[in-house]
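Sharing a structure here in structure tokens format.
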Amino acid sequence: MTLNQLTSRNNAAALILFLLFTVLTTACNKTLSKVAPIERSFLPGECLCSSFLEFNRFNITANTSFELSFILDLDYVPVSLGSPYSSQDYRLIPTESTFSVFKENAGIVKNLYEEAWRTITDSCKGDLCFASSIFYNGGARLVANKEFAGISAGGNIPIMMVGMTPSDAISIPTDNTITYNYCIYRALTITIPINNYEIIDDTVTFSLEIPVKVGLFLTWLNDRISNPNAPFPYRDETLTCSFTLQKGLH
């Protein structure tokens with residue numbers, strides 16, 4: 001074998017190795033850069049099973065605030081978004097039992113919900129859409145069984161509600177019987193500023209109350225089958241949770 005032949009063969013092998021490395025690197029980069037699944041959901045108030053919130057997680061964020069998250073008691077099923085979305089993208093919808101209460105109108109209400117879901121999620125800004133007809137206009141109250149962050153036992157502790165969808169970021173059809181500043185989805189988060197208080201080891205029990213208007217969206221769709229001018233039905237409810245932390249602010 002001549003030197004030129006050897007050099008040519010080595011170059012070919014090197015090229016094959018380079019191409020193989022490029023393919024593998026590209027595949028790895030695609031795997032590493034894979035984005036989280038897209039969700040585009042609208043849950044009507046009929047999916048709310050009870051007013052009880054489940055305490056989910058506690059975190060201290062950069063020593064600036066206590067962050068607490070809660071999960072709503074909702075009944076739903078996940079389904080694929082379908083084309084043109086990928087197989088991992090999904091939405092949450094009411095269960096068949098939620099639709100079945102409308103009896104002979106169940107199929108019609110389900111079709112009307114599908115139309116409304118598309119309209120509502122199309123009004124969202126961006127690829128993600130987290131919406132419900134559970135509305136919040138303020139008035140949340142958090143109290144502790146002992147002094148906390150300068151607030152005496154039983155006093156209302158200042159909090160911030162985060163993670164809710166503001167009304168100007170989505171368009172949920174209602175009528176003039178109800179207005180809302182935010183809609184609450186399947187989870188919510190509150191934060192308590194630490195300010196200049198010291199974080200100490202302590203056992204503190206809290207009670208959280210969040211007044212909401214539960215918009216009965218599916219009921220409205222059903223009512224409008226026979227009466228196009230039917231008012232938007234809702235019920236006033238208070239979401240509640242009692243929970244204990246092993247940290248205090250003094």
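All residue numbers refer to positions in the sequence shown, counting from 1.
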- prompt: Under 30°, 30 to 60°, or over 60°: which ring-plane class applies to Tyr136 and Tyr182, parallel, tilted or perpendicular?
  reply: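 Plane angle between 30° and 60°, so tilted.
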
query: In terms of side-chain heavy atoms, does Glu147 have a donor or acceptor partner in Ser152 at a distance below 3.5 Å?
result: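 No donor-acceptor contact under 3.5 Å links the two side chains.
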
message: For Asn196, is the CG atom crowded, meaning more than 12 foreign heavy atoms sit under 6.0 Å from it?
response: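 Result for CG/Asn196: open.
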
task: Drop me the distance from Ile134's CD1 to Glu237's CD, to the nearest 0.5 angstrom.
output: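 Result: 8.5 Å between the selected atoms.
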
message: What verdict does the side chain to side chain contact (heavy atoms under 4.5 Å, CB included) test give for Leu249 and Glu198, after you've listed the backbone C-alpha separation in whole Å, the side-chain angles of each residue and the deciding distance to 0.1 Å?
response: CA-CA 5 Å; Leu249 290 178; Glu198 180 185 359; over 6 Å; no

field: Sidechain-backbone polar pair: Lys146 side chain, Thr203 backbone, donor-acceptor under 3.5 Å
entry: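 A pair under 3.5 Å: yes.
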
- prompt: Taking all atoms of both residues into account, what is the closest heavy-atom pair of Gln88 and Pro37, and its distance?
  reply: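 Closest pair (atom of Gln88, atom of Pro37, distance): O-CB, 3.4 Å.
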
field: Student check: side-chain heavy atoms of Asp73 and Glu54 closer than 4.5 Å
entry: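 They are not in contact (no side-chain heavy atoms under 4.5 Å apart), so the answer is no.
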
query: Mind checking whether Phe42 and Phe217 have ring centres under 6.0 Å apart?
result: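 Ring centres of Phe217 and Phe42 closer than 6.0 Å.
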
- request: Look up atom OG1 in Thr61 and atom CZ in Phe66, then write down how far apart they are to the nearest 0.5 Å.
  value: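 Here the rounded value is 9.5 Å.
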
- request: Decide whether Ile71 and Ile159 are clustered together by the hydrophobic rule: side chain heavy atoms of Ile, Leu, Val, Met, Phe, Trp, Tyr closer than 4.5 Å, transitively.
  value: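 Different clusters: Ile71 never reaches Ile159 through Ile, Leu, Val, Met, Phe, Trp or Tyr contacts under 4.5 Å.
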
query: Is it true that Val143 and Leu68 fall in one hydrophobic cluster, defined by side-chain heavy atoms closer than 4.5 Å?
result: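 No; tracing contacts between hydrophobic side chains, which count when under 4.5 Å, never links both residues.
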
query: For Tyr197, which residues count as a ring pair (Phe, Tyr, Trp, His ring centres under 6.0 Å) partner, sequence neighbours excluded?
result: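 Residues passing ring pair (Phe, Tyr, Trp, His ring centres under 6.0 Å) with Tyr197: none at all.
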
message: Is there a path of hydrophobic side-chain contacts, each under 4.5 Å between heavy atoms of I/L/V/M/F/W/Y residues, joining Ile190 to Phe58?
response: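 They do share one cluster, since a chain of ILVMFWY contacts under 4.5 Å joins Phe58 to Ile190.
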
message: As an exercise, state the distance from CG of Asn105 to OG of Ser100, rounded to the nearest 0.5 Å.
response: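 Output value for this atom pair is 12.5 Å.
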
message: side chain to side chain donor-acceptor pair (under 3.5 Å) for Thr98 and Thr95? Distances and angles first, verdict last.
response: CA-CA 5 Å; Thr98 304; Thr95 61; 3.0 Å; yes

In one Ile/Leu/Val/Met/Phe/Trp/Tyr side-chain cluster, 4.5 Å: Ile210, Phe52: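 Unlinked, Ile210 and Phe52 end up in two clusters.
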
task: Quick one: closest heavy-atom pair of Ala140 and Met161, and the distance?
output: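 Where Ala140 meets Met161 most closely, the heavy atoms are CB-SD, 4.1 Å.
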
query: Is it true that a side-chain atom of Asp75 and a backbone atom of Cys49 form a donor plus acceptor pair closer than 3.5 Å?
result: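 No: the side chain of Asp75 does not pair with the backbone of Cys49.
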
query: Is the backbone N or O of Val109 less than 3.5 Å from a side-chain atom of Asn222, with the two atoms forming a donor-acceptor pair by type?
result: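 It does not hold such a pair.
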
- prompt: Ring centres of Phe70 and Phe243 under 6.0 Å apart?
  reply: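 Close enough - the centres of the two rings lie under 6.0 Å apart.
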
- prompt: To the nearest 0.5 Å, what is the distance between SG (Cys183) and CD1 (Ile170)?
  reply: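 Here the rounded value is 5.0 Å.
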
query: Would you call Lys213 and Asp236 a salt bridge, using N to O less than 4.0 angstrom?
result: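 Judged by the 4.0 Å cut-off on N to carboxylate O distance, Lys213 and Asp236 do form a salt bridge.
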
query: If you measure from SG on Cys241 to CG on Asn56, what distance do you get to the nearest 0.5 Å?
result: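 The distance works out to 10.0 Å.
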
Trp117 (side chain) donor-acceptor with Arg40 (main chain) under 3.5 angstrom: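 Side chain of Trp117 to backbone of Arg40, a donor-acceptor pair under 3.5 Å: yes, one is there.
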
Crowding at CZ, Arg57 (>12 non-hydrogen neighbours, <6.0 Å):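 Yes, enclosed.
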
From Ile192, Ile60, Asn59, residue fulfilling side-chain contact (heavy atoms from CB on, under 4.5 Å) relative to Glu67: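 For Glu67, the side-chain contact (heavy atoms from CB on, under 4.5 Å) test succeeds with only one of Ile192, Ile60, Asn59, which is Asn59.
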
field: Shortest non-hydrogen contact between Lys125 and Asp168, atoms and distance
entry: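 Smallest interatomic distance, heavy atoms only, reads NZ-O, 3.5 Å.
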
message: Ring-plane angle category for Phe135 and Tyr180, please: parallel below 30°, perpendicular beyond 60°, tilted otherwise.
response: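 Answer is parallel, since the angle falls under 30°.
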
- request: Please report the shortest heavy-atom distance between Leu208 and Leu53, naming the atom on each side.
  value: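 Result for this residue pair: CD2-CD1, 4.1 Å.
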
field: Test item: Asn181 side-chain N/O and Pro166 main-chain N/O as donor-acceptor pair under 3.5 Å
entry: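 Checked: no pair found.
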
- prompt: Is it the case that one hydrophobic cluster holds both Leu112 and Val101, taking links as side-chain heavy atoms less than 4.5 Å apart, direct or via other members?
  reply: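 Linked, Leu112 and Val101 end up in one cluster.
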
message: Are Asp201 and Lys247 packed together at the side-chain level, in the sense that at least one heavy-atom pair is separated by less than 4.5 angstrom?
response: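 Yes. Closest side-chain heavy atoms under 4.5 Å.
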
- request: Start with the C-alpha distance between Phe232 and Thr174, add both sets of side-chain angles, then the distance that settles side chain to side chain contact (heavy atoms under 4.5 Å, CB included), and finish with yes or no.
  value: CA-CA 6 Å; Phe232 188 88; Thr174 60; 3.9 Å; yes

message: Can you confirm whether Asn156 sits close enough to Ile151 that some side-chain heavy atom of one is under 4.5 Å from a side-chain heavy atom of the other?
response: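 Of all side-chain heavy-atom pairs linking Ile151 with Asn156, none is under 4.5 Å.
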
- prompt: Between Pro193 and Pro158, is any pair of side-chain heavy atoms under 4.5 Å apart?
  reply: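 They are not in contact (no side-chain heavy atoms under 4.5 Å apart), so the answer is no.
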
message: Return the CD1 to CD1 distance between Ile194 and Ile199, rounded to the nearest 0.5 Å.
response: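 Here the interatomic distance stands at 3.5 Å.
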
- prompt: Counting only N and O atoms by type, is there a donor-acceptor contact under 3.5 Å from the side chain of Asp89 to the main-chain atoms of Ser86?
  reply: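 Yes, because the side chain of Asp89 sits within donor-acceptor range (under 3.5 Å) of the backbone of Ser86.
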
- prompt: Which heavy atom in Ser242 sits nearest to a heavy atom in Ser207, and how many Å separate them?
  reply: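 Nearest pair, atom of Ser242 first, then Ser207: OG-OG, 3.6 Å.
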
- request: Sequence neighbours left out, what pairs pass disulfide bond (SG atoms under 2.5 Å apart) with at least one residue falling in residues 186-240?
  value: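 For residues 186-240: none.
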
- request: Would you tell me whether Thr205 and Thr244 have side-chain atoms, one donor and one acceptor, within less than 3.5 Å of each other?
  value: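 Result is yes, a qualifying pair exists.
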
message: Could you walk me through whether Arg91 and Thr121 satisfy the side chain to side chain contact (heavy atoms under 4.5 Å, CB included) test, starting with their C-alpha distance in whole Å, then the side-chain angles of each, then the deciding distance to 0.1 Å, before giving a yes or no?
response: CA-CA 10 Å; Arg91 63 186 175 118; Thr121 55; over 6 Å; no

task: Apply the test side chain to side chain donor-acceptor pair (under 3.5 Å) to residues Thr119 and Asp122: give CA-CA distance (whole Å), side-chain angles for both, the deciding distance (0.1 Å), then the verdict.
output: CA-CA 5 Å; Thr119 299; Asp122 283 350; over 6 Å; no

message: Are Pro173 and Trp220 packed together at the side-chain level, in the sense that at least one heavy-atom pair is separated by less than 4.5 angstrom?
response: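 They are in contact (side-chain heavy atoms under 4.5 Å apart), so the answer is yes.
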
- prompt: Stepwise, does the side chain to side chain contact (heavy atoms under 4.5 Å, CB included) test hold for Leu245 with Phe55?
  reply: CA-CA 11 Å; Leu245 299 181; Phe55 179 52; 3.8 Å; yes

message: Give me the atom names and distance for the closest heavy-atom approach of Ile184 to Val212.
response: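 It is CD1-CG1, 3.7 Å.
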
- prompt: Does a donor on one side chain sit under 3.5 Å from an acceptor on the other, for Ser41 and Tyr185?
  reply: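 Indeed, the side chains of Ser41 and Tyr185 share at least one donor-acceptor pair under 3.5 Å.
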
message: Run the side chain to side chain donor-acceptor pair (under 3.5 Å) test on Glu46 and Thr219 for me, step by step, so that the C-alpha distance in whole Å, both residues' side-chain angles and the decisive distance to 0.1 Å come before the verdict.
response: CA-CA 8 Å; Glu46 286 88 351; Thr219 303; 2.8 Å; yes

